[in-house]
Amino acid sequence: MSTRYNFRDNEAKWQKAWDEASIYQAHATSPKYYVLEMWPYPSGRLHMGHVRNYTIGDVIARYKRSCGYSVLHPMGWDAFGLPAENAAIQQKVHPQTWTLENIRLMKEEIKSLGISYDWSREIFSCSPVYYVHEQKMFLEFLKKGLAYRKESFVNWDPVEGSVLANEQVIDGKGWRSGAPIERRKLSQWFLKITAFAQELLEDLEKLKHWPEQVKTMQANWIGRSEGARIQFPLINQKDVLEVFTTRPDTIFGASFLGISTDHPFVENLAKGFPALQAFMAECHATGTSQKELDTTEKKGFNTGLSVQHPFLKDVVLPVYVTNFVLMDYGTGVVFGCPAHDVRDYEFAQKYDLSIIPVVKGPEEEGLPYEGDGILINSQFLNGLTTKEAKEEVIKRLVREKIGTSEISYKLRDWGISRQRYWGCPIPIIHCATCGVVPVPEEQLPVKLPQDVSFDQPGNPLELHPTWKNVECPKCHKPAERETDTFDTFVDSSWYFARFCSPHALQPFEKDKAEFWMPVDQYIGGIEHAILHLLYSRFFTKALRSCGYWDISEPFQNLLTQGMVCHETYRDQTGSWLYPHEVEKQGAAFVKSSNGSPVKVGRSEKMSKSKCNVVPAAKIVDEYGADTIRLFMLSDSPPERDFEWTEAGIEGSWRYLNKIWRLVTGNLDEIQSVKLSDAPGHFTPEALSLRKLTHKTIHYVTQDIEQFHYNRYVARLREFSNVLEDFTPSEASERWALSEALHTLVLTMSPALPHLAEELWAELGHPPFVVNQPWPKPQEDLLTVDQVTLAIQINGKMRGTCKIAPDLGKDAARALILDLPFVKAQVQNTMIKKFIYVPGKIVNVVY
RNA sequence: GCGGGCGUGGUGGAAUUGGUAGACACACCAGACUUAGGAUCUGGAGGCGAAAGCCAUGGGGGUUCGAGUCCCUUCGCCCGUACCA
């Protein structure tokens, strides 16, 4: 018996054995369990965030397998995207070559972790076999009116002459060129997610096991609000401007109209109005991100036009073109009520507009006051509450035919066009005669051409002569292919369905998909709380309305994991250092290469830019898969951030060896034990061990079910701490020890599959431990006959007392008031209150 | 700016969801053992204090017999913000 566990040989051995037995291949037999981790973007190296994600998923997959479920646990590649193009530009390597090589490397690393994936279902978003279905779906959506074309803004880099992602715009400038970015309009494809706004909102209630904060974020993102649409006729003109407002009650506080720079009326007005044109250009000299738009200084341009107040015939309001009214929300026009809106208040002060308070709050409030209250200065609304006033205004608007009630959503349609090469081509042909023509189904897939160059800026597809120039399928005259590709979120909005029948000729076989779906447990980073998850929910519903299946929600349960963090290090020059470049000298850190002092920064999310990354492959190589898996589970609960430390991984490695010694060191003791022959009598020591064994099963099961993996590991450690001190002296104790060791191996197997497999063999069993049923606790061993009751006197902890857990209140009172330390404190004072929570606490108030 | 979170010893965290704050670990200290190892084993440990005890869950206030947990307020950090994935 070796005292050191040989992870290198064992992990390779068992991974090979699992592979050869194909034990992780999913078979569609009930009951089913579909566990899915978010598929990775193949960046080339596995990082700790991936390891954490896959480990969390693997524990539940293995646990459910032991519980008798038929488990589907697949893995694939979110292989399209911007980094491949950046690599192409920087390293002169084709995006496909770069991507496939990255996949090869990452797959090798994932495999070394021993995750129970069914690799026969592996899929790649960049393969035409995958994206052909996406192109067909898009054409279906087009037929159903769920896809359409409209103009919208992109970040335009005037120096590069290309479109930039928000990420590539830094402080309003292009990341490569440094040139100020402008917003430019392009005609682009959109998916009508707003058609499902109400359903996406309502169905959140069905998602019982989604984190509340994710549901709240999605609900706020959808942003349903009830309000009114009100007409404001322009003075001396025929036109009418329509406003959407959620505060129709404040209509008498209106002092101006704000209209979006992108409103058709403004675009029209700007013709022959150079000052306005200049203002609009000024507003467009910014990127498209919401954060940038919101934090840019609020500006307005007085058009000189004015509108009539809907209820006050002698009041006219000036019309300002503004940079803070969004064309995408409501009607693109707002009325400004400075007394009751912070933004309007600032605007009114800047442009010296009147501020009329019309809502009186419950207390003396300063302005602006955005809360509810009683209406003042408001004609027929005076004295009404905010809620009543809203109803009354709408009633009048409808009666006078100058407005209606309206429900509005913040959610905007999903722009899916990207002016990039490395994505799924949009299957459309533009013809001068026939307009927008879908590529006929028999010509699908539209494959990406291989022969492209990144020597010039912009999308290489634009510059590709033979791919771009085609014949119109309808009139056969020369036409052009759509050169935009899909947003990569499209690829990840249905991959979970493809896994159900990954080799099917259609996107997925309906019966297979309806058998496996919905995903029973979805696991991924919190950063996807809104976009990816909302798009996937939308796609599921859109596919339903196109007749693909009868599924409405893709993910039954959701776990959002926290980030993996690490300390940051900088040398004297301020450059970031990798953890492997520094070493500890006493309490301080120094640079390994020259011994110079290192400044230790706070722990942050692992990122290449700050060099605080630890490559997973290195750790697997040094400590093995089980050690890294154990550490990933031990410290933090999955939804919290995780702190990576060298000490932590060491600690996990030591624990692995401890288990190894514990089991192998007791083999002789339990050699003669037959677990099927339970002894008739147990010594008190044996009984007490058995109680712990069954309590451990009980709690470990609960902890795994609830994803309290750190507690699960803590229970295993507590259990093994006791086992270490247990020396059997007769038969029933040897039996109890054998039961305990078997339980330890079985319960640790979801976390430490390789070690468990090896020890299962050492215990004399044929493979595989992963196919063993999950142990069940014996109920009669879970009862306790005494608990430690906490005793408070006047709310302060004063002592404890051993007591039967179900003792009645009167008996408990007599017993406790008779305790010496209670008597001493209370003496003969009258007891005012005696609070008794059986099994937990007593509070004596005197 | 807006939306959502998080904050507990030197460190990561635990606390049956309003009932003994610090489980389980890491780091540390003291000791044992030795075929000096990536060891292992035993003991200690929130702070102050000789002790009794007092103080402690980012800060301040409140509700309660009782608050890490609920409410108000404030500070700090993190995620998302629609073209990073």
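Below, read A as the first sequence line, B as the second, and so on, with proteins coming before strands; counting in each chain starts at 1.
Regarding A/Glu212, its CD atom lies at a distance of 16 Å from the C1' atom of B/G3, rounded to whole Å. In this structure, CZ of A/Phe347 is placed 20 Å from P of B/G1, rounded to the nearest angstrom. Distance CD (A/Glu167) to P (B/U81): 10 Å, rounded to an integer number of Å. Rounded to whole Å, atom C1' of B/C24 lies 11 Å from atom CG of A/Asp703. Here the C1' atom of nucleotide B/U11 and the CD1 atom of A/Ile649 are 17 Å apart, to the nearest Å. Distance A/Ile530 CD1 to B/U81 P: 8 Å, rounded to the nearest Å.
Listed pair A/Lys840 / B/G19 fails the phosphate criterion, with no side-chain N or O lying under 4.0 Å from OP1 or OP2. A close approach under 4.0 Å does occur between a side-chain nitrogen or oxygen of A/Asn710 and OP1 or OP2 of B/A14. For the OP1/OP2 pair of B/C83 and a distance below 4.0 Å, the side-chain nitrogens and oxygens of A/Arg418 include at least one atom meeting the criterion. Between A/Arg640 and the phosphate of B/G7, there is a side-chain N or O to OP1/OP2 separation shorter than 4.0 Å. At the phosphate of B/G3, neither OP1 nor OP2 sits under 4.0 Å from any side-chain N or O atom of A/Lys215.
Two residues, A/Asp294 and A/Arg717, neighbour RNA chain B, and the one matched to the more 5' nucleotide by heavy-atom proximity is A/Asp294.
Across A/Val325, A/Leu326, A/Thr322, a single residue satisfies side-chain contact (heavy atoms from CB on, under 4.5 Å) together with A/Val334, and that is A/Val325.
Under the 4.0 Å criterion applied to side-chain N and carboxylate O atoms, A/Arg420 and A/Glu85 are not assigned as salt-bridge partners.
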Along nucleotides 30-42 of chain B, 5' to 3', which nucleotides get a B, which get an S, and which get a -, given that the test is a protein heavy-atom distance under 4.0 Å? -------SBSSSS
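With sequence neighbours excluded, the residues that form a side chain to side chain contact (heavy atoms under 4.5 Å, CB included) with A/Pro211 are A/Gln213, A/Val214, A/Leu558, A/Thr560.
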